[in-house]
Amino acid sequence: MSRLTQTFFARDTLTTAHDLLGCLLVHEVDGQRVAGRIVEVEAYTGHDDLASHAARGKTPRNTVMFGPPGISYIYLIYGMYQLLNVIAKPEGVDYPAAILIRALEPVEGLQFMAARRTGRRRVEWTSGPGRLTLALAIDQSLNGIDMTAPGSPLYFEEEIDVPGEQVQTGPRIGINVSEPWQSMPWRFWLRDNPFVSRAG
DNA sequence: CAATAGATTCACT
DNA sequence: GTGAATCTATTGG
């Protein structure tokens, strides 16, 4: 497994977003890897993207969107949910851009996720931008960090075959993680194109 | 200032 | 399908 470096994110925003599909998002918490395969992303690109937080200029919240690639942009939405973005743009350009991570497939640390998503079916643990941050324990304390730096607790990896994980099932965590699993479709979102789907 | 909309999710009908 | 939860930023008087 290799961690994605700044070179990966120092490219065109749309290209980078597309290439993130299938990669792993990893959060190391207390030495444990909690990770999911990225199956849905949404790109926010440039000054002219009216859907972007940065459409009306720099504010305290969106400042990192104007900065260098590879940095996390995590903010609170609707007063309750944390959404994770990563900055992606060619080095040295001056426009704001970010890629929102919209959905994952749970891959590692299933027990950790199950404990944080009690009462929900496995397919719902990470099937939404607010859900995946809950499952992986990602919040604003990680905002603005360099996700490409060695030692960073939050980072991306190239996807390679990841062995299935044996997880305790039964009443203690109230969820049967052995339920039949069906892969989620890969989706790439842009404002004017609802989404482009790609085979998983 | 007050009102409102928002890159959402959940419980309920 | 509808409403509530409740922070940030923008809009309007």
Side-chain angles (χ1 to χ4, degrees), chain A residues 9 12-21 23 25 27 34 36-89 95-106 110 112-145 147 154 156 173-177 179 184-198:
Chain A
F9 299 97
D12 169 74
T13 309
L14 274 54
T15 304
T16 309
H18 195 262
D19 287 354
L20 269 180
L21 287 169
C23 292
L25 171 67
H27 187 198
V34 186
R37 179 179 298 109
I38 297 169
V39 296
E40 195 168 329
V41 295
E42 182 163 358
Y44 294 89
T45 162
H47 285 108
D48 52 348
D49 186 347
L50 296 179
S52 169
H53 281 175
R56 293 172 208 272
K58 195 186 286 190
T59 69
R61 182 176 66 165
N62 66 22
T63 296
V64 303
M65 290 185 71
F66 293 80
I71 308 299
S72 66
Y73 171 44
I74 304 171
Y75 69 92
L76 189 63
I77 188 71
Y78 298 114
M80 26 183 26
Y81 297 108
Q82 311 279 342
L83 269 54
L84 169 68
N85 300 244
V86 62
I87 308 308
K89 67 178 87 166
Y95 58 78
I99 300 167
L100 172 66
I101 310 301
R102 294 196 65 91
L104 309 172
E105 277 180 11
L110 301 191
F112 182 96
M113 297 188 207
R116 293 183 61 87
R117 301 288 290 151
T118 53
R120 276 112 193 144
R121 298 191 307 264
R122 178 176 173 179
V123 71
E124 293 168 336
W125 292 350
T126 54
S127 59
R131 291 171 173 176
L132 70 91
T133 56
L134 285 171
L136 273 65
I138 294 167
D139 62 32
Q140 281 172 301
S141 67
L142 297 164
N143 184 41
I145 68 168
M147 296 182 69
L154 185 65
F156 298 96
I173 57 176
I175 289 184
N176 179 6
V177 295
E179 73 182 70
M184 304 162 102
W186 290 11
R187 288 173 174 172
F188 170 86
W189 289 73
L190 253 193
R191 239 330 176 214
D192 296 335
N193 316 353
F195 63 79
V196 180
S197 199
R198 195 170 112 166

Quick one: A/Gln82 CD to B/dA7 C1', roughly how many Å, whole number?
14 Å

Quantified in whole Å, what is the C1' atom distance between nucleotide B/dA7 and nucleotide C/dG1?
22 Å

Winner on side-chain proximity to A/Arg61, out of B/dA7, C/dA9, C/dA5, is C/dA9

Using a cut-off of less than 4.0 Å, is there contact between a side-chain N or O of A/His53 and OP1 or OP2 of C/dA9?
no

P gap between B/dT4 and C/dA4, integer Å
14 Å

Can you figure out which of C/dA5, B/dC10, B/dA7 approaches the side chain of A/Arg131 most closely?
B/dC10

Side-chain N or O of A/Arg56 closer than 4.0 Å to phosphate OP1/OP2 of C/dT11:
yes

What's the spacing between A/Glu40 CD and A/Met184 CE if we round to 0.5 Å?
7.5 Å

Using a heavy-atom cut-off of under 4.0 Å over every strand shown, decide if A/Leu76 touches base, sugar-phosphate, or nothing.
sugar-phosphate

Kindly point out which of C/dT10, B/dC10, B/dA7 is positioned nearest to the side chain of A/Thr59?
C/dT10

If the cut-off is 4.0 Å, is A/Arg117 near the phosphate of B/dT9, judged by side-chain N/O to OP1 or OP2?
no

Looking just at side-chain N and O atoms, do A/Thr15 and A/Asp12 make a donor-acceptor pair shorter than 3.5 Å?
yes

Ring-on-base stacking B/dT8 with A/Tyr81 (under 5.5 Å, under 30°):
no

Could you check how far CD of A/Glu124 sits from P of B/dT9, rounded to whole Å?
11 Å

